[in-house]
Amino acid sequence: IKLILILMVLVPVAVQSLMFQPLDCADIYNAGFNISGVYRIYLAGPSSPVYVYCDMETDGGKWTVFQRRMDGTVNFYRGWDQYKSGFGDVKTEYWLGLETIHLLTLKKRYELRVDMEDFQGAKVHAKYSSFAISPKAINAESDGYTLHVSGFKDGGAGNSLDSHNNQKFSTFDQDQDAFSGNCALDYLGGFWYNQCHTANPNGIYMWGAVDTRGITWHHWKSSHYSMKTIAMKMRPVNLP
């Protein structure tokens, strides 16, 4: 009888652990996992896990990182299909994928944080209270995975995403910017280019070189300084 009672207590716990399918890093944090690192999230059921890096420390944690540059080991000059599906090494440098980012912003309301560091060790950030990718589109890809970002809060970096708001995503083989040429081709990255950029986080890693094709954030280090690190991350907004 004692054995049966013990099993009745233990089995539900095991089932619950198997059924735990977090949508993002906030769900993981709220479940008691508060150490930064690589975790699995589930946007399309248990058979389709997606690996992400979770920042569980910065500004209260719970951040799902969808873009990260830190040492130049991953080439970010990629075509449309790879920016759509994602690429890189989730433990170091990677891009989560436009489709995954879009699906996340359909599930909850998110804020955005962009952390960056120069080669002298200075660190700043920019924060936006609202972030979404084609939230009302029937087909996000046909809508160009359009960026919607607002509610800027300065952390020393300045607002370099304002001119990119409401822009479609562009790559060298999918030109959707507002420029007569091809911004992605000219600036060696994929991004929500306008005419062309005040932020180029997916540009070429240049170890601090003075070049507009590098990893730049205009309102902090100008459009010529290529930064050491940058990370774009999202977290659910706590609604009243």
Side-chain angles (χ1 to χ4, degrees), residues 23-26 38-45 48-55 63-69 74-90 92-114 126 128 130-150 160-179 182-194 196-204 215 230-236:
L23 289 176
D24 57 19
C25 295
V38 177
Y39 294 87
R40 287 180 296 185
I41 61 174
Y42 299 84
L43 295 173
S48 303
V50 176
Y51 287 90
V52 297
Y53 187 88
C54 295
D55 178 352
W63 297 101
T64 301
V65 178
F66 66 86
Q67 185 267 11
R68 187 163 63 154
R69 313 291 301 279
V74 173
N75 175 23
F76 272 65
Y77 188 48
R78 309 258 183 155
W80 179 261
D81 289 344
Q82 292 187 68
Y83 267 101
K84 176 185 175 181
S85 61
F87 58 84
D89 185 345
V90 72
T92 55
E93 296 194 333
Y94 78 104
W95 172 262
L96 182 57
L98 288 165
E99 186 64 21
T100 300
I101 301 168
H102 161 68
L103 290 175
L104 278 168
T105 63
L106 288 183
K107 304 289 186 180
K108 303 177 183 179
R109 288 180 58 182
Y110 282 90
E111 60 181 339
L112 170 70
R113 180 180 170 111
V114 186
Y128 299 84
S130 179
F131 168 72
I133 305 298
S134 294
K136 298 181 180 179
I138 296 175
N139 186 314
E141 185 172 13
S142 297
D143 188 53
Y145 293 109
T146 300
L147 173 66
H148 295 270
V149 62
S150 61
S160 289
L161 282 186
D162 189 52
S163 67
H164 297 271
N165 185 37
N166 293 319
Q167 299 303 308
K168 296 182 178 181
F169 201 90
S170 285
T171 58
F172 65 79
D173 59 348
Q174 185 83 346
D175 182 10
Q176 302 186 104
D177 58 53
F179 182 53
N182 186 328
C183 294
L185 188 63
D186 291 345
Y187 293 97
L188 305 180
F191 201 58
W192 293 279
Y193 290 113
N194 193 334
C196 277
H197 71 76
T198 51
N200 196 36
N202 295 331
I204 299 298
I215 303 169
I230 190 166
M232 305 181 75
K233 54 194 74 171
M234 54 198 293
R235 178 173 68 182

If the test is side chain to side chain donor-acceptor pair (under 3.5 Å), which one of K233, R68, R235 qualifies with D55? K233
How close do [X] and [Y] get, heavy atom to heavy atom, and via which atoms?
| X | Y | value |
| --- | --- | --- |
| I101 | I133 | CG2-CG1, 3.7 Å |
| S142 | N139 | N-OD1, 3.0 Å |
| Q167 | N194 | NE2-ND2, 3.6 Å |
| H102 | T105 | O-OG1, 2.8 Å |
| S160 | A199 | O-CB, 3.7 Å |
| Q67 | P201 | NE2-O, 3.1 Å |

Check step by step if side chain to side chain contact (heavy atoms under 4.5 Å, CB included) holds for F66 and V52. CA-CA 7 Å; F66 66 86; V52 297; over 6 Å; no
Check the side chains of Y193 and N182 for a donor-acceptor pair under 3.5 angstrom, ignoring hydrogens and angles. no
For Q176 and W80, test the side chains for any donor-to-acceptor distance below 3.5 angstrom and give the result as yes or no. no
Expected output: side-chain [X] to main-chain [Y] donor-acceptor under 3.5 Å:
| X | Y | answer |
| --- | --- | --- |
| R78 | G190 | no |
| Y83 | F76 | yes |
| T146 | S134 | no |

Please tell me whether F179 and Y187 form a close aromatic pair, meaning their ring centres lie under 6.0 Å apart. no
Looking at the rings of F191 and H164, which for Trp means the six-membered one, are their centres under 6.0 Å apart? yes
W95: which of F169, Y53, Y77 passes ring-ring contact (aromatic ring centres under 6.0 Å, His included): F169
Out of V114, N165, N166, which residue meets the side chain to side chain contact (heavy atoms under 4.5 Å, CB included) rule with V149? N165
If we check side chain to side chain contact (heavy atoms under 4.5 Å, CB included) with D175, which of these qualifies: D173, D177, T171? D177
To the closest 0.5 Å, what do you measure between [atom1] ([X]) and [atom2] ([Y])?
| X | Y | atom1 | atom2 | result |
| --- | --- | --- | --- | --- |
| L188 | C183 | CG | SG | 12.0 Å |
| K108 | M234 | NZ | CE | 9.5 Å |
| L161 | M232 | CG | CE | 5.5 Å |
| L185 | S170 | CG | OG | 11.0 Å |
| F131 | R113 | CZ | CZ | 15.0 Å |
| T64 | D24 | OG1 | CG | 4.5 Å |

Are the side chains of [X] and [Y] in touch, meaning some heavy atoms are under 4.5 Å apart?
| X | Y | value |
| --- | --- | --- |
| D162 | T198 | no |
| Y94 | L96 | yes |
| I230 | R69 | yes |

